[in-house]
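Here the structure is a predicted model, which means the values were calculated and not measured. Chain letters run A, B, ... following the sequence lines, proteins first and then strands; every chain starts at 1.
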Number of protein chains: 2
Amino acid sequence: MTSRPAGTLAQRKRQLVADELTQAALGLLARGGFDAVTVDEIAAAAGVSKRTFFRYFASKEDVVVQFLTGLGEAMREELASRPAPEPPSTALRHTVWRSIDACAGQTERTLRVVQLILGTPALLARFLERQAQWREELAAVLAGRLGLDPATELYPRMAAGMALTAFHTVLQRWSESDGTEDPAALTGGCFAVIAPALDAVAGE
Amino acid sequence: MTSRPAGTLAQRKRQLVADELTQAALGLLARGGFDAVTVDEIAAAAGVSKRTFFRYFASKEDVVVQFLTGLGEAMREELASRPAPEPPSTALRHTVWRSIDACAGQTERTLRVVQLILGTPALLARFLERQAQWREELAAVLAGRLGLDPATELYPRMAAGMALTAFHTVLQRWSESDGTEDPAALTGGCFAVIAPALDAVAGE
DNA sequence: TCATACTTGACACTCGATGACACGTCGGGC
DNA sequence: GCCCGACGTGTCATCGAGTGTCAAGTATGA
């Protein structure tokens, strides 16, 4: 609603303030850690008041986690656009890869943000909470793809959960290695592990 | 350290206060929701001061989530005690079942707590954060079991993640059905989905 | 030029969380 | 008996996150 890069009216200056806030927050939080920096300081660094900060971000965690926002949307879109005959493991691998690539392909700043999130309990909690939402959304799309009832079948939620476990694991390894390890290889490796379950024929 | 049922000294009255606090908190939070009840009210209901509440629980979330504490420890123990030749899917199924059984086998109060956690963003976040810790612990045990290096192999983390996805899914379905669905059947169903991946022969 | 809507800052307030200090009780030693 | 230190608790003070309110300020349109 407010995140389109090509803003409509002069209120793309809203995006400008948001960017300034994000910039200031990421800079301050990267050094000093999450708890050592107050919202007042972030706001001051961006040249606005604390009250304005909370008009742009729902919480102090939000300014960091929202840096990864759009990933959920992107994954849902990607999964929905994969050709129907494609096996689930392939479709989900591309789905996850779209987010991983968006993360790992960018600046080195992204690496620091990921490290910050995975290393800060409060941020990790928020991140996982968001992942849980993504899981429900991906499960719904997947159920539609396969003509399964998400309310009764276990497969959609489990498959989405496995894919996000892969997502989480890749980010972990990538951040632990300081960006050394190849995200593509890690993604491939993770999906090699879960593929037998994702593509198992019906069964039961 | 302080959770042994058979307390040593007269300071098992500490456990008494803790129980009183937990009782009061769960009762108040079940009706009214998480945000509508203040720590002051919980403390007052237990007959202590707000300050004392925080001497027993690290946070307001803690008093609820700690209700499920011990599950991580229990799972780690269970996995460590499973016979070595057992296939991973079987060992992990018993591991998860030990926690599920501890949850679902108890009073109906447990169901309400699970519903409260899964339905409250702040509590869900804390719960997922704890699950992430369990995942690392289970991965370490699993790696030891299979003689794999957890720092390089992807399998342990992925397998632990899949098992916890099953755990989460079972709790979700169980709480959504108001305790109607059979936890044992759900656990079996979830592991039927992931077993092909858990037991896939080496590969590469 | 005036009226309107929107954004912002300043202030006050609630509540979660922590530190400092004072008080009471318990228990043991002289 | 008294004194003493350890421990748990309550009170008070404080910080920081988050929210509601109101009074500016600015842009837009008639």
**Prompt:** Quick one: B:Arg126 CZ to C:dG16 P, roughly how many Å, whole number?
**Reply:** 14 Å
**Item:** Reading 5' to 3' through nucleotides 10-15 of chain C, protein heavy-atom contacts under 4.0 Å coded B for base, S for sugar-phosphate only, - for none
**Value:** B----S
**Complete:** Atom CZ of B:Phe57 and atom C1' of C:dA17 are separated, to the nearest Å, by 15 Å
**Message:** So that I can tick it off, tell me whether B:Asp35 and B:Lys60 are bridged by a salt bridge, with the cut-off set at under 4.0 angstrom between side-chain N and carboxylate O.
**Reply:** no
**Message:** Counting only side-chain heavy atoms from C-beta out, which of D:dT19, D:dT9, C:dG9 sits nearest to B:Thr52?
**Reply:** D:dT9
**Request:** Could you check if a side-chain atom of A:Phe127 sits within less than 4.5 angstrom of a side-chain atom of A:Glu61, using non-hydrogen atoms only?
**Result:** no
**Message:** Checking side-chain polar atoms at under 3.5 Å, does B:Gln23 have a donor or acceptor matched by the opposite partner on B:Asp19?
**Reply:** no
**Prompt:** Between C:dA17 atom C1' and B:Glu61 atom CD, what is the distance in whole Å?
**Reply:** 11 Å
**For atom CG of A:Asp62 and atom C1' of D:dA17, their distance in whole Å** = 13 Å
**Asked** What's the CD1-P distance between B:Ile42 and C:dA17, to the nearest Å?
**Response** 10 Å
**Request:** Could you tell me whether B:Glu73 and B:Arg76 make a salt bridge, using a distance below 4.0 angstrom between a side-chain N and a carboxylate O?
**Result:** yes
**Request:** Nearest whole angstrom, please: distance from the C1' of D:dA17 to the CD of A:Glu41.
**Result:** 13 Å
**Item:** Donor-acceptor side-chain pairing of B:Arg126 and B:Thr120 below 3.5 angstrom
**Value:** no
**Asked** Are OP1 or OP2 of C:dT8 and a side-chain N or O of A:Tyr56 less than 4.0 angstrom apart?
**Response** yes
**Prompt:** Between B:Leu123 (CG) and C:dG16 (P), how many Å, whole number?
**Reply:** 13 Å
**Request:** Whole angstrom is fine here: how far is it from CG in A:Leu21 over to C1' in C:dT8?
**Result:** 13 Å
**Item:** Check: A:Ala166 main-chain N/O paired with B:Arg157 side-chain donor or acceptor under 3.5 Å
**Value:** no
